[in-house]
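Here's the structure we're looking at; comments come further down.
As a basis for the values below, the full set of heavy atoms in this structure was taken, side chains included, without hydrogen atoms, waters or symmetry mates.
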Amino acid sequence: MTLAELDALHERSAGEVAAAADAAALEQVRVRYLGRNGLIPAIVKQMKDVPPAERPEFGKRVQAWRTALETALAEQQQAFAAAAPVDTPAFDHTLPGRWQSLGKMHPVSRVIEETAAIFARLGFTVADGPDIETRFNNFTALNTPAHHPSMDASDTFWLTDDLLLRTQTSPVQIRMMTQHRPPVRIITPGRTYRRDTTDATHSANFHQVEGLYVDTKPVSLADLKSTLAHFAKAMMGPDAGVRFRPHFFPFTEPSVEVDFSCHVCGGKGCRVCKMSGWIEIAGAGIVDPRVYEHVNRARGDDAYDPSKVNGFAFGFGVERVAMIKYGIPDIRWLYESDIRFLSQLA
């Protein structure tokens, strides 16, 4: 092929680009000249047959042709794209927005919220305190003896000799009594920490709700029983039953364990309640007079004279109530943030 023939092909390709009627025709021109089996690649392969004297100029003109053709094709493609009709409709600002569903409340948060609402109707207010507590508030003021196993490093997260991560929310009750005169009627929901090995029913970090009612008026065990019976029916349903069993806690005397009737089997006995018909929920009792004595020493007065005040206290695990109420067999499910599980509790 001579240089004159090469120039003629260059002009012909330019004319075909200009004459292309649409993008499809333009693509045919591109394939004809620049495709894998196109004319320009074929000419490049035949350059070995061009006389050596003409080969440099021949190669220069082939490259110039390729560059010019690619540029012409790109410009024509842009022209076709700009002239093409736009199928996308204009945005209608009057259309209502698309509703995005809200997240679901976590079972633990839901139980705490329901508990606060139930006790608010009985005159209880919500009190809060720090997660890091003192030995006095967490143990001493609650009449816990120095040799009690709960104070061991194997059971409690000690930060210093005096500071620890609270093992219960009862220290908030001590704080309230040292800061306020009776009457005191509070519940204290919050996080607690114990050195428990995590399994289906235990966790090192969990939530408790504890309650305290102290007054200069008579407060009896019957008041405690009626309060917790009302809570059971409000939380678990009108058919829920309650029973009280004698027990021991350092900060209450007398002390009781509180069981709710199994809502799964209606008290008939099943796997959940271990065929007993009852599920252990809370610990409770009449506040031990020695607790008042510790509070008075901290206050520096006798506002909580054991001969003039009396009251009751109770406490239960929020996760335990949530597991029973919603039929959750494993406490770890509550903290895995699995949306498939949480969405079922809407």
In Å, rounded to the nearest 0.5 Å, how long is the span from [atom1] of [X] to [atom2] of [Y]?
X      : Y      : atom1 : atom2 : value
Leu9   : Ile43  : CG    : CD1   : 5.5 Å
Arg245 : Glu280 : CZ    : CD    : 5.5 Å
Leu334 : Ile328 : CG    : CD1   : 4.5 Å
Glu210 : Phe314 : CD    : CZ    : 9.0 Å
Leu165 : Glu133 : CG    : CD    : 10.5 Å
Thr144 : His294 : OG1   : NE2   : 8.5 Å

Between [Y] and [X], is there a side-chain heavy-atom distance shorter than 4.5 Å?
X      : Y      : value
Pro250 : Leu142 : no
Asn143 : Glu293 : no
Asp7   : Arg12  : no
Ile279 : Arg320 : yes
Arg299 : Arg181 : yes
Val108 : Glu319 : yes
Ile331 : Met323 : yes
Glu75  : Val17  : no

Using a cut-off of 6.0 Å, state whether more than 12 heavy atoms not belonging to [X] lie near its atom [atom1].
X      : atom1 : result
Asp161 : CG    : no
Lys325 : NZ    : yes
Asn37  : CG    : no
Glu113 : CD    : no

With a 4.0 Å cut-off on N to O distance, would you call [X] and [Y] a salt bridge?
X      : Y      : answer
Asp288 : Arg290 : yes
Glu16  : Arg32  : yes
Arg194 : Asp155 : no
Glu114 : Arg110 : no
Lys217 : Asp215 : no

May I ask you to decide if [Y]'s main-chain N or O and [X]'s side chain share a donor-acceptor pair within less than 3.5 Å?
X      : Y      : value
Ser109 : Met105 : no
Thr71  : Thr67  : yes
Asp152 : Ser154 : no
Arg243 : Asp259 : no
Lys233 : Asp239 : no
Asn137 : Arg175 : no
Ser255 : Thr252 : yes
Thr156 : Trp158 : no
Thr169 : Thr188 : yes
Asn296 : Tyr304 : yes

Query raised in the report: Does the pair Asn310 and Ile286 meet the rule for a side-chain contact (heavy atoms from CB on, under 4.5 Å), with working shown?
Result: CA-CA 8 Å; Asn310 51 82; Ile286 300 300; 5.5 Å; no
Any donor-acceptor pair under 3.5 Å linking the side-chain atoms of [Y] with those of [X]?
X      : Y      : answer
Tyr193 : Asp131 : yes
Trp65  : Ser13  : yes
Ser307 : Asp305 : yes
Thr192 : Gln168 : no
Ser203 : Asp196 : no

What class does the angle between the rings of [X] and [Y] fall in, given that below 30° is parallel, 30 to 60° is tilted and above 60° is perpendicular?
X      : Y      : value
Phe231 : Phe119 : parallel
His207 : Tyr335 : parallel
His247 : Phe249 : tilted

Query - Test log, rule salt bridge (charged side-chain N to carboxylate O under 4.0 Å, His left out), inputs Arg332 and Glu336 - result: CA-CA 7 Å; Arg332 291 168 291 193; Glu336 292 177 348; 5.7 Å; no
In this structure, would [X] and [Y] fall into the same cluster of hydrophobic residues linked by side-chain contacts under 4.5 Å?
X      : Y      : answer
Leu212 : Phe124 : no
Leu221 : Val287 : no
Tyr213 : Ile186 : no
Leu69  : Val31  : no
Val172 : Phe157 : no

Query - Evaluation steps, side-chain contact (heavy atoms from CB on, under 4.5 Å), between Ile40 and Val62 - result: CA-CA 7 Å; Ile40 291 179; Val62 170; 4.3 Å; yes
**Report entry** For the student: nearest non-hydrogen atoms of Gly241 and Ser261, plus distance
**Finding:**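 Smallest interatomic distance, heavy atoms only, reads N-OG, 2.7 Å.
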Query raised in the report: If every non-hydrogen atom of Leu122 is compared with every non-hydrogen atom of Arg185, which pair is closest and at what distance?
Result: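 Closest heavy-atom pair between Leu122 and Arg185: O-NH1, 2.8 Å.
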Requested in this report: Show the numbers, then the answer: is there a side-chain contact (heavy atoms from CB on, under 4.5 Å) between Val111 and Met235?
Outcome: CA-CA 8 Å; Val111 169; Met235 176 62 73; 4.2 Å; yes
Report task. Kindly determine whether Arg66 and Leu34 satisfy side-chain contact (heavy atoms from CB on, under 4.5 Å), including the steps that lead there. Result -> CA-CA 8 Å; Arg66 180 194 293 272; Leu34 297 175; 4.1 Å; yes
